[in-house]
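First up is the structure itself, then whatever we jot down about it.
As the structure lists them, so they are numbered: ligands from 1, and atoms in each ligand from 1.
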Amino acid sequence: MHTVQLGKSSLISSRLAYGCARIAGTWNPSEVDAAKTATGVRAVAAAYEAGYTLFDNADIYCLGACETTFGKALQEVSGMRERICIATKCGIRMADDPKGSPYHYDSSADHIVRSCELSLKRMGVETIDLYQLHRPDLLMHPPEVAGAFEKLKQQGKVREFGVSNFSPSLLTALQKHCPMSLIVNQLEIHLGRLGSFHDGTLDQCMAEGIIPLAWSPLGGGYLGDGGKVDRKNPRHRGLVALQELMDKIAGAASVSRTVLALSWLLKHPSRIIPIVGSTNPERIRSATTAETVDLSREDWYRLLVAGRMEPIP
Ligand SMILES: NC(=O)c1ccc[n+]([C@@H]2O[C@H](COP(=O)([O-])OP(=O)(O)OC[C@H]3O[C@@H](n4cnc5c(N)ncnc54)[C@H](OP(=O)(O)O)[C@@H]3O)[C@@H](O)[C@H]2O)c1
């Protein structure tokens, strides 16, 4: 795969990243068993063998089990750690947090540092390459976050930092206090979620050299080949029309609908990195052909209009 430099850092990512949110095979840690773990490890290994070099995770995914499964993959796949970038996130309190209040946002310095140490332990690594704040915390104190980031960097626990789901203005507020550049903003971007094209988020990425990572690039599955929408539901009429147009354009280019959805993201000049979330090795491999598709400007806009479900001005 081709590569992308992550912002102003020395980190280099493959054109597609692999997302580990589903590799525990469940959202309930008590349901994780040896078979599910083996399936997750196979998915990570398939992504590595297919050329993915950025692996995204979060402490909250299956309450730590996705990081543990990923750590197992690192142990089993010889040489993988040295050749990849490990990304993970913190900032949402987990159910077993000593302070309680699960699923509240917490970007206090204590929480960031403690979460990082737990993530390192679960994955069995010394350093996280890219550490991201998962969600905007309305009580975030930028200087306090900057202090925690600096401490983790000085201790060699984290190399680079980024954010996720941040508005451009909040990213700027945090950046003003951080001595290091924030190198990514991880956002929900796909043909069914187009806000970042219009609200200044991708503009900021291009202006500041921040790389947008696109989460759920298939909208969680419905933009992929097998993705179903309820055709009888009148509210889904727009989605059916979008899927039909995608199938038409994909068919003419002899690619799958999944590949088309990813190539649509790749064409944007901000150098969006889609985070592929499938756990199916064949789908993980076939997604990599997205970078070979040369989507015309006309088809790109036809898909945009179908995704917006209204004409552009
Ligand atoms: N920052 C955030 O707030 C945030 C939020 C959500 C996600 N993320 C990141 O984004 C990554 C990707 O998210 P995602 O998993 O939602 O991505 P996605 O690629 O949009 O969706 C993946 C899902 O679609 C299914 N799928 C894909 N192709 C399919 C096909 N041809 N037929 C049927 N089903 C298909 C997959 O099933 P199979 O496994 O069976 O292929 C899987 O369940 C996550 O792992 C995480 O790293 C970040």
Subset of ligand 1 atoms that lie under 4.0 Å from at least one heavy atom of Gly221: 20 (O), 21 (O), 24 (O), 25 (C)

Atoms of ligand 1 close to Asp56 [distance to a heavy atom under 4.0 angstrom, numbered from 1]: 9 (C), 46 (C), 47 (O)

Identity and distance of the protein heavy atom lying nearest atom 16 (O) of ligand 1: Ser216 OG, 2.6 Å

His190 and ligand 1 - part of the residue with a heavy-atom distance under 4.0 Å: neither

Within 6.0 Å of CD1 in Ile312, more than 12 heavy atoms from elsewhere: yes

Glu188, portion touching ligand 1 at heavy-atom distance under 4.0 Å: neither

Nearest-neighbour protein heavy atom for atom 10 (O) of ligand 1, which is reported as residue plus atom name and distance: Trp215 CB, 3.3 Å

Protein heavy-atom partner closest to atom 39 (O) of ligand 1 - residue, atom, separation in Å: Thr279 N, 2.8 Å

N/O separation below 3.5 Å, Ser164 to ligand 1: yes

Within-shell test, Tyr61 vs ligand 1, heavy atom, strictly < 4.0 Å: yes

Presence of salt bridge, Glu188 and Arg193, under 4.0 angstrom: yes

Gly227, any N or O under 3.5 Å of ligand 1 N or O: no

Heavy-atom nearest neighbour in the protein, as seen from atom 23 (C) of ligand 1, with distance rounded to 0.1 Å: Gly220 O, 3.3 Å

Distance-only polar pair, side chains of Ser108 and Asp106, donor-acceptor under 3.5 Å: yes

Per-atom contacts of ligand 1 with Lys89, taking only distances under 4.0 Å to non-hydrogen atoms: 1 (N)

Polar contact flag, side-chain donor to acceptor under 3.5 angstrom, Asp199-Thr201: yes

Non-neighbouring partners of Thr3 that pass side-chain contact (heavy atoms from CB on, under 4.5 Å), sequence neighbours left out: Ile12

Arg135 touching ligand 1 at heavy-atom level, < 4.0 angstrom: yes

Atom 19 (O) of ligand 1: the protein heavy-atom neighbour that sits closest, reported with distance to 0.1 Å: Gly277 N, 3.4 Å

Derivation of the salt bridge (Lys or Arg N to Asp or Glu O under 4.0 Å) call for Asp129 and Arg81: CA-CA 11 Å; Asp129 298 302; Arg81 170 63 189 106; 3.1 Å; yes

Which of the ligand 1 atoms, numbered from 1, are nearer than 4.0 Å to a heavy atom of Ala21: 44 (C), 45 (O), 46 (C)

Gly224 N/O under 3.5 Å from ligand 1 N/O: no

Per-residue contact class, Arg22 against ligand 1 - non-hydrogen pairs under 4.0 Å: side chain

Nearest-neighbour protein heavy atom for atom 38 (P) of ligand 1, which is reported as residue plus atom name and distance: Arg283 NH1, 3.1 Å

N/O separation below 3.5 Å, Leu218 to ligand 1: yes

Partners passing side-chain contact (heavy atoms from CB on, under 4.5 Å) against Ser115 (at least two apart in sequence or in another chain): Asp59, Cys90, His111, Tyr131

Per-residue contact class, Ser278 against ligand 1 - non-hydrogen pairs under 4.0 Å: both

Qualifying residue for side chain to side chain contact (heavy atoms under 4.5 Å, CB included) with Leu16, from Ile275, Ile273, Leu266: Leu266

Euclidean distance, Tyr61 OH relative to Thr68 OG1, rounded to 0.5 Å: 15.0 Å

Test item: side-chain donor near acceptor, Thr26 and Asn28, under 3.5 Å: no

Ionic contact status for Glu117 with Lys151, cut-off 4.0 Å: no

Parallel, tilted or perpendicular, as decided by the 30° and 60° cut-offs, for the rings of Phe197 and His268: perpendicular

Exercise: do Ser119 and Glu67 side chains pair donor with acceptor under 3.5 Å: yes

Side chain, backbone, both or neither: the part of Asn57 lying under 4.0 Å from ligand 1 by heavy atom: neither

Atoms in ligand 1 with a heavy atom of Asn165 nearer than 4.0 Å: 1 (N), 2 (C), 3 (O)

N/O separation below 3.5 Å, Ile275 to ligand 1: no

Chi angles and distances behind the side chain to side chain donor-acceptor pair (under 3.5 Å) call for Gln132, Asp56: CA-CA 10 Å; Gln132 304 152 99; Asp56 182 62; 3.1 Å; yes

Cys20 contact mode with ligand 1 (heavy-atom cut-off under 4.0 Å): backbone

hydrophobic_cluster_shared for Leu260 and Leu191, side chain cutoff 4.5 Å: yes

Under 4.0 Å to a heavy atom of His134 - the qualifying atoms of ligand 1, by number: 1 (N), 2 (C), 3 (O)

